[in-house]
Amino acid sequence: MSVEYLQVAEDEGEEPIELPTEDDGTLLLSTLSAQFPGSSGLKYRNPETKAMRGVRLSEGRLHPPPEIGWGSQIFYCVFPKENKRKSDDNLENSTAKTKRMETKLRCTDLIVLGLPWKTTEQNLREYFETFGEVLMAQVKKDPKTGQSKGFGFIRFASYESQMRVLAQRHMIDGRWCDVKVPNSKVLMARI
DNA sequence: GTTGAGCGTT
């Protein structure tokens, strides 16, 4: 059997990368984020209306547009809003803003709620590495049985990754999980 | 071998 590919670029004008689809014709979100860390979906330009169209995402799988399929056209990554401000970031020079960044840019441990019982620390790390360098990943377990308690903690090297992760929900091993700043760190993080 | 809101033995 032959694997089908579709062309994906980070944005218009960028070099596309060919990504393999699954047997059912869908593209796994994990395949997408492996090449484009933090990407949360796909869009493409409708040749008729010139407008951008979103690609359907369901259960971690991106579905080809019903009318045209993946075809040979180029699809573009969609990022959670924070990420889309490349130009803004170059404009900051005020000391006030810099000062504020210093206090906000510190990474904290993040709690991951709702993990499947089967998810291991290895799985957790692999999932979140698509967002950036992971310094720590742990799954809380029963010390005697080793059974997962269904939640864990992660820590990123960069605050940018942390913000992207906090901005969306996460499909991990088939379950939607929430990432939050843990209560024990909330006071510290909000100062 | 089960469960599904929550808050981390070191």
Side-chain angles (χ1 to χ4, degrees), chain A residues 19 21-43 54-64 77-85 89 97-191:
Chain A
L19 298 182
T21 58
E22 301 306 300
D23 289 345
D24 64 358
T26 63
L27 172 69
L28 292 176
L29 184 58
S30 51
T31 301
L32 178 67
S33 55
Q35 297 300 326
F36 302 98
S39 175
S40 58
L42 280 181
K43 63 188 177 185
V55 170
R56 190 157 81 89
L57 172 63
S58 172
E59 301 294 311
R61 291 168 178 270
L62 289 147
H63 295 258
C77 293
V78 177
F79 295 91
K81 37 186 170 182
E82 252 80 10
N83 222 359
K84 194 68 187 176
R85 317 171 9 220
D89 293 336
K97 191 153 191 175
T98 312
K99 191 94 180 180
R100 211 180 67 215
M101 300 271 296
E102 281 173 5
T103 56
K104 288 198 67 176
L105 277 175
R106 289 173 301 133
C107 291
T108 61
D109 290 357
L110 300 176
I111 188 168
V112 187
L113 276 341
L115 288 174
W117 312 116
K118 56 174 235 191
T119 298
T120 64
E121 296 189 342
Q122 186 67 237
N123 299 149
L124 193 67
R125 174 179 287 271
E126 283 168 6
Y127 172 80
F128 283 109
E129 268 174 352
T130 66
F131 291 88
E133 186 188 353
V134 174
L135 297 181
M136 177 277 288
Q138 50 185 228
V139 170
K140 289 305 163 187
K141 301 178 270 241
D142 183 304
K144 295 199 67 148
T145 67
Q147 173 62 247
S148 165
K149 292 183 175 175
F151 72 97
F153 292 85
I154 51 166
R155 190 176 188 115
F156 285 96
S158 84
Y159 196 78
E160 200 182 28
S161 307
Q162 169 161 337
M163 285 315 291
R164 283 213 309 270
V165 164
L166 283 169
Q168 65 178 87
R169 301 242 292 156
H170 302 272
M171 174 64 76
I172 305 176
D173 294 337
R175 257 181 74 91
W176 284 109
C177 303
D178 293 300
V179 176
K180 299 173 180 174
V181 175
N183 292 157
S184 54
K185 296 281 171 62
V186 127
L187 289 180
M188 301 256 301
R190 297 276 164 82
I191 293 175

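Every chain is numbered from 1, with letters handed out A, B, ... down the list of sequences. The shown structure was predicted, so the numbers you read here are calculated from the model rather than taken from an experiment.
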*Below 4.5 Å, heavy atoms only, C-beta onward: do A:V134 and A:R155 meet side chain to side chain?*
no
*Between B:dT9, B:dT3, B:dC7, which one does the side chain of A:K149 approach most closely?*
B:dT9
*asked:* Working to the nearest 0.5 angstrom, can you tell me the gap between A:E59 CD and A:T26 OG1?
replied: 11.5 Å
*asked:* Rounded to whole Å, please give me the gap between CG in A:L115 and P in B:dG6.
replied: 16 Å
*Tell me, yes or no, whether the heavy-atom count around A:R56 atom CZ, taken from other residues, nucleotides or ligands under 6.0 Å, exceeds 12.*
no
*Name the closest nucleotide to the A:W117 side chain, picking from B:dC7, B:dG6, B:dA5.*
B:dA5
*List the steps and the verdict of side-chain contact (heavy atoms from CB on, under 4.5 Å) for A:F128 and A:V179.*
CA-CA 11 Å; A:F128 283 109; A:V179 176; 3.7 Å; yes
*Could you say whether the aromatic ring of A:F153 and the base of B:dG8 stack, counting only centre distances under 5.5 Å and plane angles under 30°?*
yes
*For residues A:C77 and A:Q35, determine if any side-chain heavy atom of one lies less than 4.5 Å from a side-chain heavy atom of the other.*
no
*Between A:K140 and B:dT9, is there a side-chain N or O to OP1/OP2 distance below 4.0 Å?*
yes
_Residue-level proximity of residues 122-138 of chain A to DNA chain B when a heavy atom falls under 4.0 Å_ = A:Q138
*Below 4.5 Å, heavy atoms only, C-beta onward: do A:V112 and A:I172 meet side chain to side chain?*
yes
*Just how far, in rounded Å, is P of B:dA5 from CH2 of A:W176?*
17 Å
*Starting from the 5' end of DNA chain B, give me the residue, A:G150 or A:I111, whose nearest nucleotide shows up first.*
A:G150
